[in-house]
Amino acid sequence: MKIFVAGATGVVGRRVVPMLLKEGWSVTAVARTAEKIVALGRLGARPELVDLFDPAAVTRAVRMHDAVCNLTTGIPSSNRALLPFAWRRNDRIRKLVSRNLVEAAIEAGAGKFIQESFAPMYPSSGDRWIDERSPVRPGPHVRSAVTAEHNAAKFTEAGGQGVVLRFALFYGPDSGHTLDVIRMARAGWAAMFGTPEGYISSLHTDDAARAVVAALGAPAGVYNVADDEPVTKREFFAALAGALGVPPPRFLPGFIARLAGSVGETLARSQRISNGRFKEQTGWAPAYPSVREGFLALARQLVAGRHADHGVLERL
């Protein structure tokens, strides 16, 4: 199988590429700099510089591929995420890049299109389980994820298999947001909004990458990808504190979420997201069933320096 991966150097893509290569598939990986081209080439991928906003360039690049994975995002850093204009680049990527890749994949006759999406679009649901039948209610800063999902659906309508992966909140040793959460926890504060008894659904970036590979065998449709056991926010930060060897952090006052706009309202939701459909359809299962196991692994990875000493990957 010949697979085209856009977003090949992000926190999920940089894990997906070597996994696909290990399966024996041919991988074309999009890079944005000469340094990243060299790094991807050393992995064994076929790196390619492509302006993903240029429909003609995308069509040329995607030609002759059997599957397309769109893992591109433009999530702003923690210190800018509360600024509405900081999400414009992500919106542009979600809307235009997904459209260009879908149209190119259709023209190429590809059989599979995988689109990364965002599970926390679901409404706050207390302790009730959320599955793919639940309606979404995206905040303004992530409405463009719905557009990307609609584009993937057009691929299915054209006769292919469009697969949407609604990922829970990522954590991993090379995630800037994760490192910011850790810094705040060490300073005594929980970097989260909403009641401590609300639920949060999470996913280690290693498990997210394995899900992308598993999705190549999934039927068309929308799938939640999360760990097996969502926990309350209080349990979440207790597990993180335990892994770090620090006291459980204090939660921010409730009114802070209102001051944080769309991002604050979204993160204040209680979401117990089920991964059952994806597991049933693909056989995928998270290596870290909950943050209890995941945060212990994260702490070991950070101590071992995996986020800064991982061969060619740290340059992606």
Side-chain angles (χ1 to χ4, degrees), residues 7 9-19 71 73 75-79 81 116 118-120 165-194 196 198-214 224-252 267 271-273 275 279 284-316:
T9 60
V11 292
V12 176
R14 72 183 64 163
R15 290 165 165 81
V16 168
V17 169
M19 290 180 185
L71 307 177
T73 61
I75 307 299
S77 60
S78 299
N79 63 350
E116 176 178 340
F118 185 64
L165 301 180
R166 288 179 179 165
F167 287 121
L169 293 174
F170 289 150
Y171 63 93
D174 51 351
S175 161
H177 288 275
T178 299
L179 298 179
D180 289 338
V181 169
I182 288 172
R183 279 190 282 270
M184 282 198 67
R186 290 190 182 280
W189 291 100
M192 184 53 62
F193 301 107
Y199 278 83
I200 181 170
S201 292
S202 308
L203 188 68
H204 194 292
T205 46
D206 290 350
D207 283 330
R210 292 175 54 249
V212 173
V213 177
N224 294 331
V225 186
D227 60 19
D228 290 335
E229 187 184 350
V231 297
T232 66
K233 296 173 184 180
R234 188 184 305 281
E235 292 171 315
F236 180 96
F237 282 99
L240 178 61
L244 297 174
V246 301
R250 294 165 289 174
F251 281 81
L252 300 168
L267 293 179
Q271 296 172 326
R272 200 178 184 194
I273 297 172
N275 62 16
K279 292 177 72 173
W284 171 89
Y288 307 110
S290 79
V291 291
R292 297 184 186 92
E293 300 86 4
F295 284 158
L296 289 173
L298 173 65
R300 290 193 298 268
Q301 291 165 344
L302 291 170
V303 169
R306 272 190 52 186
H307 62 298
D309 184 18
H310 205 48
V312 73
L313 285 183
E314 80 269 16
R315 292 189 293 279
L316 298 183

Rounded to the nearest 0.5 Å, how far apart are CD of Glu229 and CG of Asn275?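 The CG atom of Asn275 is 11.5 Å from CD of Glu229, to the nearest 0.5 Å.
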Look up atom CE in Met192 and atom CZ in Arg234, then write down how far apart they are to the nearest 0.5 Å.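 CZ of Arg234 is found 14.0 Å from CE of Met192.
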Does [X] use its side chain to pair, donor to acceptor, with the backbone of [Y] at less than 3.5 Å?
X	Y	result
Gln271	Pro120	yes
Thr178	Pro173	no
Ser201	Ile273	yes

So [Y] and [X], do their side chains get closer than 4.5 Å, heavy atoms only?
X	Y	answer
Asp206	Gln301	yes
Asp180	Asn79	no
Ile182	Leu298	yes
Asp174	Arg15	yes
Val181	Phe237	yes
Pro230	Arg272	yes

Might you work through the side-chain contact (heavy atoms from CB on, under 4.5 Å) test for Arg183 and Leu179, ending with a clear yes or no? CA-CA 6 Å; Arg183 279 190 282 270; Leu179 298 179; 4.1 Å; yes
Can His177 and Ile75 be said to form a side-chain contact (heavy atoms from CB on, under 4.5 Å), step by step? CA-CA 10 Å; His177 288 275; Ile75 307 299; 3.7 Å; yes
Asp227/Arg292 ion pair, N-O < 4.0 Å: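 Answer for the salt bridge query: no.
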I'd like to know whether Leu165 forms a side-chain contact (heavy atoms from CB on, under 4.5 Å) with Glu116, so could you lay out the CA-CA distance, the side-chain angles of the two residues, the decisive distance to 0.1 Å, and finally the verdict. CA-CA 5 Å; Leu165 301 180; Glu116 176 178 340; 5.8 Å; no
Show the nearest heavy-atom pair for residues [X] and [Y], with the distance to one decimal.
X	Y	result
Ala226	Pro286	O-CG, 4.5 Å
Ala185	Val246	O-CG2, 4.2 Å
Arg14	Thr9	NH2-O, 3.1 Å
Ser290	Tyr171	O-OH, 4.0 Å

Those residues that, when tested against [X], pass side-chain contact (heavy atoms from CB on, under 4.5 Å) (two or more places apart):
X	result
Leu296	Ala243, Arg300
Ala208	Val12, Phe167, Phe170, Leu203
Leu252	Trp189, Phe193, Ile256
Ala285	Lys279

Who are the salt bridge (Lys or Arg N to Asp or Glu O under 4.0 Å) partners of Asp207, not counting sequence neighbours?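 Once residues adjacent in sequence are excluded, the partners of Asp207 under the salt bridge (Lys or Arg N to Asp or Glu O under 4.0 Å) criterion are Arg210.
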Before giving the answer on side-chain contact (heavy atoms from CB on, under 4.5 Å), spell out for Leu267 and Leu169 the whole-Å C-alpha distance, their side-chain angles and the decisive distance to 0.1 Å. CA-CA 10 Å; Leu267 293 179; Leu169 293 174; 4.2 Å; yes
Hey, can you tell me if His204 and Tyr288 have their rings parallel, tilted or perpendicular (30° and 60° cut-offs)?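 Tilted: the ring planes of His204 and Tyr288 meet at 30° to 60°.
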Under the side-chain hydrogen bond (donor to acceptor under 3.5 Å, both in side chains) rule, collect the residues that match up with Thr73, sequence neighbours excluded.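 Partners of Thr73 by the side-chain hydrogen bond (donor to acceptor under 3.5 Å, both in side chains) criterion come out as none, since no residue qualifies.
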